[in-house]
Amino acid sequence: MNRIPLRPAARTLQIQVLRHNPHDPASEPHLQTFEVEEADTMTLFIALSEIRERQDPSLQFDFVCRAGICGSCGIIINGRPGLACRTLTKDLPDRITLAPLPAFELIGDLSVNTGKWMRGMSERLETWVHSRNLENLDIDTVEQAMEPELAEQLYELERCIECGCCVAACGTAQMRQDFVGAVGLNQITRFQLDPRDERTDAEFYELVGDESGVFGCMTLLGCEDMCPKELPLATQIAFLRRRMVCSG
Ligand code: SF4
Ligand code: F3S
Ligand code: FES
């Protein structure tokens, strides 16, 4: 007789969350444990939503898209940075410890201000196409055809969702507040490759040719290991460093 295999019993997950409200002088950082019944295809985002709905409405964490696109749900999951909405609980042990991403301003519990950090980095590195005579150009000139291979290369670098996981995974970023991180160096590579950007290699060198930029990277590789979009960050940094050495 054929037996229908029994489904394994649902697990009860012990989810430990590092709680802290930096705006409340009485708040002390502490771990709080919640129990959650695991469901099929449960993500950490779903588990956290259940906790907030049924157990503690004050729990703070960020999300927007729930699809790995907006980059807002980055957290530390059992010691490693990752996206809550793309992490299945079935891939984790029964006990799960969650903490906010380090290196970013803490808003509360698991919520950090990656937007402020990214905006600061972006303004500092001027991450937009610089064209010297824009007033003399018409739209057809600006949008000149690009080789498909180059367009593909730029598209690949633009897949970054600014989640901050590479910054949280980087030892240099923890030690140097001014380090632009793999995300910043990825942006510089993107604009240096773009033929519409007329900045010279020397001008790019001015932006990242020191220890807060490409020479601060110690090739620790955490950025590339933890990037949820699997961007080749260490390869990009090596490419940029070689180009900087030649132009410096
Ligand atoms: Fe996130 Fe990767 Fe972009 Fe870093 S490079 S911010 S890890 S998507
Ligand atoms: Fe940091 Fe990545 Fe360099 S982890 S030290 S930016 S290779
Ligand atoms: Fe947008 Fe997770 S909620 S990436």
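All ligand and atom numbering here is 1-based and tracks the order in the structure.
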Self-check item: Stepwise salt bridge (Lys or Arg N to Asp or Glu O under 4.0 Å) test for Arg19 and Asp56
Solution: CA-CA 12 Å; Arg19 309 285 315 260; Asp56 189 341; 2.8 Å; yes
Exercise. Considering only non-hydrogen protein atoms, determine which one is nearest to atom 3 (Fe) of ligand 1 and report residue, atom name and distance to 0.1 Å.
Key: Cys160 SG, 2.4 Å
Exercise. Tell me whether Met121 is reachable from Phe215 by hopping between hydrophobic residues (I, L, V, M, F, W, Y) whose side-chain heavy atoms are closer than 4.5 Å.
Key: yes
Exercise. Please answer whether the main-chain N or O of Leu185 pairs with a side-chain N or O of Arg190 as donor and acceptor at a distance below 3.5 Å.
Key: no
Quiz item: Which of the numbered atoms in ligand 1 are below 4.0 angstrom from a heavy atom of Gly164?
Solution: 1 (Fe), 6 (S)
Quiz item: Do any heavy atoms of Leu233 fall under 4.0 Å from ligand 2?
Solution: no
Quiz prompt | Any N, O or S atom of Cys73 closer than 2.8 Å to atom 1 (Fe) of ligand 3 | solution = no
Quiz prompt | For atom 3 (S) of ligand 3, the protein heavy atom that lies nearest, with its residue and separation | solution = Arg66 N, 3.2 Å
Quiz item: Would you say Met146 and Leu154 make side-chain contact, with heavy atoms under 4.5 Å?
Solution: yes
Exercise. Report, in ascending order of atom number, the atoms of ligand 1 lying under 4.0 Å from any heavy atom of Lys229.
Key: 8 (S)
Quiz item: Atoms of ligand 3 less than 4.0 Å from Cys70 heavy atoms?
Solution: 1 (Fe), 3 (S), 4 (S)
Quiz item: So, the side chain of Asp210 versus the backbone of Gly213: is there a donor-acceptor pair under 3.5 Å, distance only?
Solution: yes
Exercise. Number the atoms of ligand 3 from 1 as they appear, then name those within less than 4.0 Å of a heavy atom of Cys65, with their elements.
Key: 1 (Fe), 3 (S), 4 (S)
Self-check item: Atoms in ligand 1 flagged as close to Glu162, the criterion being non-hydrogen separation under 4.0 Å
Solution: 3 (Fe), 6 (S)
Self-check item: Atom indices of ligand 2 within 4.0 angstrom of Thr219 heavy atoms, with elements
Solution: 3 (Fe), 5 (S), 7 (S)
Self-check item: Identity and separation of the nearest protein heavy atom to atom 1 (Fe) of ligand 2
Solution: Cys170 SG, 2.3 Å
Quiz item: Can you tell me if His130 uses its side chain to pair, donor with acceptor, with the backbone of Trp128 under 3.5 Å?
Solution: yes
Practice problem: Decide yes or no for Lys90 and Glu38: does some side-chain heavy atom of the first lie under 4.5 Å from some side-chain heavy atom of the second? | Solution: yes
Quiz item: Does Cys166 put an N, O or S atom under 2.8 Å from atom 1 (Fe) of ligand 1?
Solution: no
Quiz item: Is it the side chain (CB and beyond), the backbone, both or neither of Leu220 that lies under 4.0 Å from ligand 2, heavy atoms counted?
Solution: both
Self-check item: Heavy-atom nearest neighbour in the protein, as seen from atom 1 (Fe) of ligand 1, with distance rounded to 0.1 Å
Solution: Cys163 SG, 2.3 Å
Quiz prompt | Shortest protein heavy-atom distance from atom 2 (Fe) of ligand 1, along with the residue and atom involved | solution = Cys227 SG, 2.4 Å
Quiz item: Can you list the atoms of ligand 2 that are under 4.0 Å from a heavy atom of Leu221?
Solution: 4 (S), 7 (S)
Quiz item: Knowing that exactly one of Asp62, Ile75, Val112 qualifies, which makes a side-chain contact (heavy atoms from CB on, under 4.5 Å) with Pro100?
Solution: Val112
Quiz item: Going by heavy atoms in the side chains, are Gln32 and Gln16 under 4.5 Å from each other?
Solution: no
Quiz prompt | Per-atom contacts of ligand 3 with Gly71, taking only distances under 4.0 Å to non-hydrogen atoms | solution = 1 (Fe), 4 (S)
Quiz prompt | Verify same cluster id: Met42, Phe63 (apolar side-chain graph, 4.5 Å) | solution = yes
Quiz item: What residue and atom, counting heavy atoms only, is the protein's closest point to atom 5 (S) of ligand 2, and at what distance?
Solution: Met218 N, 3.2 Å
Quiz item: Once the angle between the rings of Phe61 and Phe45 is folded into 0 to 90°, is it parallel (under 30°), tilted (30 to 60°) or perpendicular (over 60°)?
Solution: perpendicular
Quiz item: Can you list the atoms of ligand 3 that are under 4.0 Å from a heavy atom of Gly68?
Solution: 4 (S)
Quiz prompt | Atom indices of ligand 3, in the order listed, that fall short of 4.0 Å to a heavy atom of Ile69 | solution = 4 (S)
Quiz item: Can you list the ligand 1 atoms lying under 4.0 Å from a non-hydrogen atom of Pro228?
Solution: 7 (S)
Practice problem: Check whether any N, O or S atom of Cys85 sits under 2.8 Å from atom 1 (Fe) of ligand 3. | Solution: no
Exercise. Ignoring hydrogens and angles, state whether a donor on the side chain of Glu203 or Thr200 is under 3.5 Å from an acceptor on the partner side chain.
Key: yes
Quiz item: If you measure from each non-hydrogen atom of Ala234 to ligand 2, which part falls under 4.0 Å: side chain, backbone, both or neither?
Solution: neither
Exercise. Return yes when Ile161 approaches ligand 1 closer than 4.0 angstrom through a heavy atom, no otherwise.
Key: yes
Quiz item: Using a heavy-atom cut-off of under 4.0 Å, does the side chain or the backbone of Val64 touch ligand 3, or both, or neither?
Solution: backbone
Exercise. May I ask you to identify the nearest protein heavy atom to atom 2 (Fe) of ligand 2, giving residue, atom name and distance to one decimal place in Å?
Key: Cys223 SG, 2.3 Å
Quiz item: Between Asp109 and Val17, is there a donor-acceptor pair closer than 3.5 Å when you use the side chain of the first and the backbone of the second?
Solution: no
Quiz prompt | Metal proximity, Cys217 vs atom 3 (Fe) of ligand 2, N/O/S cut-off 2.8 Å | solution = yes
Practice problem: Please answer whether the main-chain N or O of Lys229 pairs with a side-chain N or O of Arg159 as donor and acceptor at a distance below 3.5 Å. | Solution: yes
Quiz item: Is it true that Ile46 and Phe34 fall in one hydrophobic cluster, defined by side-chain heavy atoms closer than 4.5 Å?
Solution: yes
Quiz item: Does the pair Lys116/Glu105 count as a salt bridge with the N-to-O cut at 4.0 Å?
Solution: yes
Practice problem: Show which atoms of ligand 2 fall inside a sub-4.0 Å distance from at least one heavy-atom site of Thr172. | Solution: 5 (S)
Quiz item: For ligand 1, which atoms sit closer than 4.0 Å to a heavy atom of Leu233?
Solution: 5 (S)
Quiz item: Glu126 versus Phe191: any side-chain heavy-atom pair under 4.5 Å?
Solution: no
